[in-house]
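So you know, we letter chains A, B, ... as the sequences are listed, proteins then strands, and number each from 1.
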2 protein chains.
Amino acid sequence: MGVIRKTKAVEVLLNEFSTGSVAISAKALIEQLGEMFNKTTIYRVLDKLEDDGVLHSFLGKDGLKWYAKCNGCTSKEHKDVHPHFQCLQCGKVDCLPVHVSLPEIPNRKIEISQLLIQGKCEACFV
Amino acid sequence: MGVIRKTKAVEVLLNEFSTGSVAISAKALIEQLGEMFNKTTIYRVLDKLEDDGVLHSFLGKDGLKWYAKCNGCTSKEHKDVHPHFQCLQCGKVDCLPVHVSLPEIPNRKIEISQLLIQGKCEACFV
DNA sequence: TTTGTTAATGCAACAAAGTTGCGTTATATT
DNA sequence: AATATAACGCAACTTTGTTGCATTAACAAA
(Lines give C-alpha, C1' and ligand atoms only; values in the text may rest on other atoms or scores of the structure.)
Protein backbone atom coordinates (compact mmCIF):
# COMPACT_ATOMS: atom_id res chain seq x y z
CA MET A 1 0.00 0.00 0.00
CA GLY A 2 1.06 3.50 -0.75
CA VAL A 3 1.71 6.39 1.52
CA ILE A 4 -0.75 6.92 4.30
CA ARG A 5 -1.54 10.48 5.23
CA LYS A 6 -2.17 11.46 8.79
CA THR A 7 -5.67 12.68 8.36
CA LYS A 8 -8.18 13.35 11.08
CA ALA A 9 -10.01 10.11 10.30
CA VAL A 10 -6.86 8.01 10.56
CA GLU A 11 -5.93 9.68 13.80
CA VAL A 12 -9.33 9.21 15.42
CA LEU A 13 -9.70 5.62 14.25
CA LEU A 14 -6.24 4.65 15.40
CA ASN A 15 -7.01 6.16 18.74
CA GLU A 16 -10.02 3.86 19.07
CA PHE A 17 -7.69 0.90 18.99
CA SER A 18 -5.12 2.36 21.33
CA THR A 19 -6.15 0.22 24.26
CA GLY A 20 -5.03 -3.36 24.19
CA SER A 21 -6.45 -6.35 22.48
CA VAL A 22 -10.10 -5.45 22.25
CA ALA A 23 -11.68 -5.77 18.85
CA ILE A 24 -14.20 -3.31 17.44
CA SER A 25 -16.66 -3.99 14.67
CA ALA A 26 -16.90 -1.73 11.66
CA LYS A 27 -20.56 -1.37 12.50
CA ALA A 28 -19.78 -0.10 16.00
CA LEU A 29 -17.24 2.35 14.66
CA ILE A 30 -19.78 3.73 12.23
CA GLU A 31 -22.39 4.05 14.96
CA GLN A 32 -19.85 5.82 17.10
CA LEU A 33 -18.09 8.02 14.58
CA GLY A 34 -20.62 8.19 11.79
CA GLU A 35 -21.49 11.80 12.46
CA MET A 36 -17.88 12.81 12.35
CA PHE A 37 -16.92 10.82 9.27
CA ASN A 38 -18.81 9.27 6.42
CA LYS A 39 -19.12 5.50 6.66
CA THR A 40 -17.30 5.14 3.36
CA THR A 41 -14.33 6.89 4.88
CA ILE A 42 -14.40 4.65 7.91
CA TYR A 43 -14.49 1.51 5.81
CA ARG A 44 -11.67 2.80 3.64
CA VAL A 45 -9.43 3.82 6.49
CA LEU A 46 -9.91 0.44 8.17
CA ASP A 47 -9.06 -1.24 4.90
CA LYS A 48 -5.91 0.73 4.52
CA LEU A 49 -4.80 0.24 8.09
CA GLU A 50 -5.26 -3.47 7.59
CA ASP A 51 -3.24 -3.45 4.40
CA ASP A 52 -0.50 -1.63 6.22
CA GLY A 53 -0.36 -4.26 8.96
CA VAL A 54 -1.59 -1.90 11.64
CA LEU A 55 -4.89 -3.69 12.15
CA HIS A 56 -6.14 -7.16 11.39
CA SER A 57 -9.70 -8.13 10.68
CA PHE A 58 -11.87 -11.18 11.13
CA LEU A 59 -15.52 -12.11 11.05
CA GLY A 60 -17.55 -12.35 14.23
CA LYS A 61 -20.34 -14.79 14.86
CA ASP A 62 -22.88 -12.91 12.77
CA GLY A 63 -20.57 -12.32 9.87
CA LEU A 64 -19.81 -8.78 10.95
CA LYS A 65 -16.30 -7.55 10.32
CA TRP A 66 -14.20 -6.85 13.38
CA TYR A 67 -10.86 -5.10 13.65
CA ALA A 68 -8.12 -5.21 16.24
CA LYS A 69 -4.54 -4.05 16.56
CA CYS A 70 -1.82 -6.13 15.01
CA ASN A 71 1.36 -7.14 16.76
CA GLY A 72 4.48 -7.25 14.69
CA CYS A 73 2.81 -7.29 11.31
CA THR A 74 3.91 -5.45 8.21
CA SER A 75 2.20 -4.68 4.95
CA LYS A 76 3.88 -7.76 3.51
CA GLU A 77 3.12 -10.28 6.20
CA HIS A 78 0.39 -10.79 8.69
CA LYS A 79 2.10 -12.91 11.28
CA ASP A 80 -0.19 -12.09 14.14
CA VAL A 81 -2.32 -15.23 14.15
CA HIS A 82 -4.49 -16.05 17.14
CA PRO A 83 -8.02 -17.02 18.09
CA HIS A 84 -10.71 -14.51 18.93
CA PHE A 85 -13.22 -14.68 21.70
CA GLN A 86 -16.73 -13.30 21.47
CA CYS A 87 -18.83 -13.06 24.59
CA LEU A 88 -22.35 -14.27 23.98
CA GLN A 89 -23.64 -12.20 26.86
CA CYS A 90 -22.09 -8.74 26.53
CA GLY A 91 -20.95 -9.05 22.93
CA LYS A 92 -17.37 -8.03 23.62
CA VAL A 93 -14.76 -9.47 21.31
CA ASP A 94 -11.06 -9.74 21.95
CA CYS A 95 -7.88 -11.39 20.83
CA LEU A 96 -6.60 -14.39 22.73
CA PRO A 97 -2.81 -14.34 23.03
CA VAL A 98 -2.45 -18.08 22.75
CA HIS A 99 -1.26 -20.49 20.14
CA VAL A 100 -3.57 -23.10 18.69
CA SER A 101 -2.11 -26.18 17.12
CA LEU A 102 -4.06 -27.23 14.10
CA PRO A 103 -4.82 -30.84 13.31
CA GLU A 104 -2.88 -32.75 10.72
CA ILE A 105 -4.73 -32.74 7.42
CA PRO A 106 -3.22 -35.01 4.80
CA ASN A 107 -3.06 -33.81 1.22
CA ARG A 108 -4.12 -30.28 1.94
CA LYS A 109 -2.15 -27.11 2.29
CA ILE A 110 -3.22 -24.87 5.12
CA GLU A 111 -2.75 -21.21 4.33
CA ILE A 112 -5.03 -19.35 6.69
CA SER A 113 -7.09 -20.36 9.66
CA GLN A 114 -9.47 -18.54 11.88
CA LEU A 115 -10.78 -19.72 15.18
CA LEU A 116 -13.67 -17.96 16.83
CA ILE A 117 -14.50 -19.07 20.33
CA GLN A 118 -17.79 -18.02 21.88
CA GLY A 119 -18.91 -18.13 25.46
CA LYS A 120 -18.73 -15.97 28.52
CA CYS A 121 -15.92 -13.49 29.01
CA GLU A 122 -14.13 -12.77 32.28
CA ALA A 123 -16.57 -10.04 33.17
CA CYS A 124 -19.71 -12.05 32.47
CA PHE A 125 -18.34 -15.31 33.86
CA VAL A 126 -19.63 -15.76 37.38
CA MET B 1 -39.32 -27.12 16.32
CA GLY B 2 -42.67 -28.40 15.29
CA VAL B 3 -43.67 -30.97 12.76
CA ILE B 4 -41.86 -30.91 9.48
CA ARG B 5 -43.89 -31.73 6.41
CA LYS B 6 -42.37 -33.65 3.58
CA THR B 7 -42.78 -31.04 0.92
CA LYS B 8 -41.10 -30.91 -2.44
CA ALA B 9 -38.68 -28.26 -1.22
CA VAL B 10 -37.59 -30.29 1.79
CA GLU B 11 -37.13 -33.35 -0.37
CA VAL B 12 -35.07 -31.60 -3.01
CA LEU B 13 -32.93 -29.73 -0.51
CA LEU B 14 -32.24 -32.82 1.55
CA ASN B 15 -31.22 -34.59 -1.59
CA GLU B 16 -28.61 -31.94 -2.25
CA PHE B 17 -26.88 -32.93 0.95
CA SER B 18 -27.16 -36.65 0.41
CA THR B 19 -23.54 -37.07 -0.55
CA GLY B 20 -21.09 -36.98 2.29
CA SER B 21 -19.46 -34.14 4.09
CA VAL B 22 -19.50 -31.45 1.44
CA ALA B 23 -20.95 -28.13 2.50
CA ILE B 24 -23.16 -26.00 0.27
CA SER B 25 -23.76 -22.30 0.66
CA ALA B 26 -27.26 -20.89 0.80
CA LYS B 27 -26.24 -18.68 -2.09
CA ALA B 28 -25.27 -21.66 -4.23
CA LEU B 29 -28.51 -23.42 -3.41
CA ILE B 30 -30.48 -20.38 -4.47
CA GLU B 31 -28.53 -20.10 -7.71
CA GLN B 32 -29.15 -23.76 -8.34
CA LEU B 33 -32.74 -24.13 -7.21
CA GLY B 34 -33.98 -20.57 -7.36
CA GLU B 35 -36.19 -21.22 -10.36
CA MET B 36 -37.82 -24.16 -8.70
CA PHE B 37 -38.32 -22.55 -5.29
CA ASN B 38 -38.41 -19.03 -4.01
CA LYS B 39 -35.31 -17.99 -2.13
CA THR B 40 -37.39 -17.31 0.96
CA THR B 41 -38.50 -20.92 0.92
CA ILE B 42 -34.94 -22.13 0.58
CA TYR B 43 -33.76 -20.02 3.51
CA ARG B 44 -36.68 -21.20 5.61
CA VAL B 45 -36.25 -24.88 4.86
CA LEU B 46 -32.53 -24.67 5.64
CA ASP B 47 -33.36 -22.94 8.90
CA LYS B 48 -35.82 -25.61 9.86
CA LEU B 49 -33.55 -28.47 8.92
CA GLU B 50 -30.87 -26.90 11.08
CA ASP B 51 -33.23 -26.54 14.01
CA ASP B 52 -34.15 -30.18 13.63
CA GLY B 53 -30.52 -31.26 13.80
CA VAL B 54 -30.45 -32.51 10.23
CA LEU B 55 -28.05 -29.83 8.99
CA HIS B 56 -25.57 -27.56 10.67
CA SER B 57 -24.46 -24.17 9.46
CA PHE B 58 -21.37 -22.04 9.69
CA LEU B 59 -19.92 -18.97 8.04
CA GLY B 60 -17.38 -19.24 5.26
CA LYS B 61 -14.53 -16.87 4.64
CA ASP B 62 -16.69 -14.15 3.12
CA GLY B 63 -19.37 -14.35 5.75
CA LEU B 64 -21.63 -16.46 3.55
CA LYS B 65 -23.69 -19.08 5.28
CA TRP B 66 -22.85 -22.68 4.52
CA TYR B 67 -24.76 -25.82 5.38
CA ALA B 68 -23.73 -29.44 5.74
CA LYS B 69 -25.20 -32.64 7.06
CA CYS B 70 -25.10 -33.27 10.77
CA ASN B 71 -23.96 -36.49 12.34
CA GLY B 72 -25.79 -37.66 15.41
CA CYS B 73 -27.44 -34.35 16.22
CA THR B 74 -30.95 -33.79 17.46
CA SER B 75 -33.13 -30.73 17.72
CA LYS B 76 -31.98 -30.41 21.31
CA GLU B 77 -28.27 -30.79 20.93
CA HIS B 78 -25.77 -30.04 18.21
CA LYS B 79 -22.96 -32.37 19.11
CA ASP B 80 -21.36 -32.53 15.72
CA VAL B 81 -18.48 -30.13 16.23
CA HIS B 82 -15.61 -30.06 13.80
CA PRO B 83 -13.53 -27.65 11.74
CA HIS B 84 -14.39 -26.72 8.18
CA PHE B 85 -12.05 -26.40 5.27
CA GLN B 86 -12.50 -23.93 2.45
CA CYS B 87 -10.34 -24.25 -0.64
CA LEU B 88 -9.01 -20.90 -1.75
CA GLN B 89 -8.60 -22.14 -5.27
CA CYS B 90 -11.78 -24.00 -6.20
CA GLY B 91 -13.96 -22.65 -3.40
CA LYS B 92 -15.11 -26.05 -2.20
CA VAL B 93 -15.96 -26.31 1.48
CA ASP B 94 -16.17 -29.44 3.55
CA CYS B 95 -16.25 -30.80 7.05
CA LEU B 96 -13.08 -32.17 8.58
CA PRO B 97 -13.75 -35.25 10.67
CA VAL B 98 -11.11 -34.43 13.24
CA HIS B 99 -11.08 -33.21 16.77
CA VAL B 100 -9.46 -29.91 17.68
CA SER B 101 -8.33 -29.34 21.20
CA LEU B 102 -8.96 -25.79 22.28
CA PRO B 103 -6.50 -23.85 24.39
CA GLU B 104 -7.05 -23.35 28.07
CA ILE B 105 -8.64 -19.98 28.71
CA PRO B 106 -8.83 -19.04 32.36
CA ASN B 107 -11.96 -17.35 33.66
CA ARG B 108 -14.00 -17.84 30.55
CA LYS B 109 -16.62 -20.36 29.66
CA ILE B 110 -16.40 -21.77 26.18
CA GLU B 111 -19.78 -22.56 24.70
CA ILE B 112 -19.28 -22.66 20.98
CA SER B 113 -16.25 -22.57 18.75
CA GLN B 114 -15.80 -22.49 15.06
CA LEU B 115 -12.62 -23.14 13.18
CA LEU B 116 -12.36 -22.35 9.53
CA ILE B 117 -9.22 -23.51 7.80
CA GLN B 118 -8.39 -22.20 4.37
CA GLY B 119 -5.91 -23.44 1.83
CA LYS B 120 -5.75 -25.94 -0.97
CA CYS B 121 -7.97 -28.99 -0.97
CA GLU B 122 -6.97 -32.48 -2.06
CA ALA B 123 -8.00 -31.85 -5.62
CA CYS B 124 -6.18 -28.51 -5.97
CA PHE B 125 -3.16 -29.58 -3.97
CA VAL B 126 -0.41 -30.62 -6.39
C1' DT C 1 4.61 30.58 1.45
C1' DT C 2 2.75 29.46 -2.47
C1' DT C 3 1.96 25.93 -5.75
C1' DG C 4 0.92 21.48 -7.54
C1' DT C 5 0.08 16.60 -7.14
C1' DT C 6 -2.77 13.18 -5.69
C1' DA C 7 -4.48 10.79 -1.56
C1' DA C 8 -8.43 11.16 1.10
C1' DT C 9 -13.18 12.53 1.72
C1' DG C 10 -18.36 13.02 1.25
C1' DC C 11 -22.30 11.99 -1.06
C1' DA C 12 -25.47 9.35 -3.48
C1' DA C 13 -26.46 5.44 -5.60
C1' DC C 14 -25.78 0.71 -5.70
C1' DA C 15 -25.04 -4.42 -4.49
C1' DA C 16 -25.57 -8.73 -2.19
C1' DA C 17 -27.27 -11.69 1.42
C1' DG C 18 -30.76 -12.44 4.04
C1' DT C 19 -35.50 -11.23 6.49
C1' DT C 20 -40.49 -9.97 7.14
C1' DG C 21 -45.50 -9.58 6.34
C1' DC C 22 -49.18 -11.35 4.26
C1' DG C 23 -52.32 -13.59 1.34
C1' DT C 24 -52.48 -18.21 -0.94
C1' DT C 25 -51.56 -23.21 -1.42
C1' DA C 26 -50.99 -27.77 -0.02
C1' DT C 27 -49.99 -31.34 3.57
C1' DA C 28 -51.77 -34.29 6.61
C1' DT C 29 -55.07 -35.14 10.29
C1' DT C 30 -59.94 -36.02 11.56
C1' DA D 1 -64.43 -34.71 2.17
C1' DA D 2 -63.62 -31.14 5.49
C1' DT D 3 -60.50 -28.68 8.20
C1' DA D 4 -56.45 -26.78 10.54
C1' DT D 5 -52.25 -24.95 9.84
C1' DA D 6 -47.50 -25.59 8.02
C1' DA D 7 -45.29 -24.22 4.04
C1' DC D 8 -45.09 -21.33 0.09
C1' DG D 9 -44.52 -17.24 -3.23
C1' DC D 10 -44.17 -12.61 -3.80
C1' DA D 11 -42.88 -8.04 -2.91
C1' DA D 12 -40.97 -5.01 -0.11
C1' DC D 13 -37.53 -4.24 3.15
C1' DT D 14 -33.06 -4.38 6.13
C1' DT D 15 -28.31 -4.44 6.87
C1' DT D 16 -23.58 -4.42 5.81
C1' DG D 17 -20.60 -3.08 2.81
C1' DT D 18 -18.99 -1.09 -2.04
C1' DT D 19 -18.39 2.06 -6.20
C1' DG D 20 -18.10 6.31 -9.03
C1' DC D 21 -17.21 10.79 -9.08
C1' DA D 22 -16.65 15.50 -7.93
C1' DT D 23 -14.44 18.12 -4.11
C1' DT D 24 -11.10 18.85 -0.40
C1' DA D 25 -6.95 18.67 2.02
C1' DA D 26 -2.05 16.55 3.00
C1' DC D 27 2.33 17.19 2.01
C1' DA D 28 6.37 17.78 -0.89
C1' DA D 29 8.79 20.77 -3.88
C1' DA D 30 9.68 25.22 -5.68
Side-chain angles (χ1 to χ4, degrees), chain A residues 1-17 23-68 75 84 86 91 93 114 116, chain B residues 1-17 23-68 75 84 86 91 93 114 116:
Chain A
M1 275 293 99
V3 192
I4 193 163
R5 295 182 178 176
K6 280 178 191 164
T7 64
K8 194 87 188 169
V10 170
E11 184 193 325
V12 170
L13 275 168
L14 271 182
N15 188 51
E16 291 292 317
F17 291 96
I24 315 177
S25 67
K27 182 190 174 192
L29 287 166
I30 288 166
E31 283 168 357
Q32 200 173 325
L33 307 172
E35 299 210 356
M36 202 178 322
F37 307 106
N38 189 276
K39 66 173 178 173
T40 311
T41 300
I42 295 174
Y43 280 119
R44 287 197 275 227
V45 170
L46 291 171
D47 246 32
K48 179 145 293 186
L49 290 173
E50 184 175 18
D51 278 339
D52 285 356
V54 179
L55 301 177
H56 64 278
S57 76
F58 57 94
L59 300 181
K61 71 182 176 72
D62 304 311
L64 290 198
K65 207 166 185 182
W66 293 72
Y67 289 86
S75 58
H84 295 99
Q86 183 159 25
V93 176
Q114 44 193 280
L116 180 68
Chain B
M1 271 293 99
V3 193
I4 193 164
R5 294 184 179 175
K6 279 178 192 161
T7 63
K8 195 86 189 169
V10 170
E11 183 193 324
V12 170
L13 274 167
L14 270 183
N15 188 51
E16 290 292 317
F17 291 97
I24 315 178
S25 66
K27 184 190 173 191
L29 287 166
I30 289 165
E31 283 168 357
Q32 200 175 324
L33 307 172
E35 299 210 357
M36 201 179 320
F37 307 106
N38 189 275
K39 66 174 178 173
T40 310
T41 300
I42 295 175
Y43 281 120
R44 287 197 275 226
V45 170
L46 291 171
D47 247 31
K48 178 145 292 186
L49 290 174
E50 184 175 18
D51 278 340
D52 285 356
V54 180
L55 300 179
H56 64 278
S57 77
F58 57 94
L59 300 180
K61 70 181 177 73
D62 305 311
L64 291 199
K65 207 164 186 183
W66 292 74
Y67 289 86
S75 57
H84 296 98
Q86 182 159 25
V93 176
Q114 44 192 280
L116 180 68

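The side chain of K27(B) approaches dA17(C) more closely than any other nucleotide in the set dA17(C), dG17(D), dA8(C).
K39(A) has no side-chain polar atom (N or O) that falls below the 4.0 Å cut-off from OP1 or OP2 of dG17(D). OP1 or OP2 of dA8(C) sits under 4.0 Å from a side-chain N or O of K48(A). OP1 or OP2 of dG9(D) has at least one side-chain nitrogen or oxygen of T41(B) nearer than 4.0 Å. Contact annotation: Y43(A) reaches the phosphate of dG17(D) (side-chain N/O to OP1 or OP2, under 4.0 Å). Contact check, T40(B) against dC8(D): no side-chain N or O comes under 4.0 Å of OP1 or OP2.
Between L46(A) and F17(A), some side-chain heavy-atom pair lies under the 4.5 Å cut-off.
Nucleotide dG10(C) holds its C1' atom 5 Å from the CG atom of N38(A), rounded to whole Å. Taking atom CG of D62(A) as the reference point, atom C1' of dT15(D) lies 12 Å away to the nearest angstrom. Counting to the nearest Å, the P atom of dA17(C) and the CD1 atom of I42(B) are 13 Å from each other. Look at CZ on R44(B): it is 12 Å from C1' on dA11(D), rounded to the nearest Å.
A23(A) and F58(A) make their closest contact through CB-CZ, 3.7 Å (heavy atoms, listed as atom of the first residue, atom of the second, distance).
Residue side chain R5(B) does not reach the base of dA28(C) through any donor-acceptor N/O pair under 3.5 Å, judged by distance alone.
Where A9(B) and L59(A) each meet DNA chain D at their nearest nucleotide, the meeting point lying more 5' is that of A9(B).
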>> Let's go through E16(A) and Y67(A) carefully: what are the C-alpha distance in whole Å and the side-chain angles of both, what is the deciding distance for side chain to side chain contact (heavy atoms under 4.5 Å, CB included) to 0.1 Å, and is it a yes or a no?
In response: CA-CA 11 Å; E16(A) 291 292 317; Y67(A) 289 86; over 6 Å; no
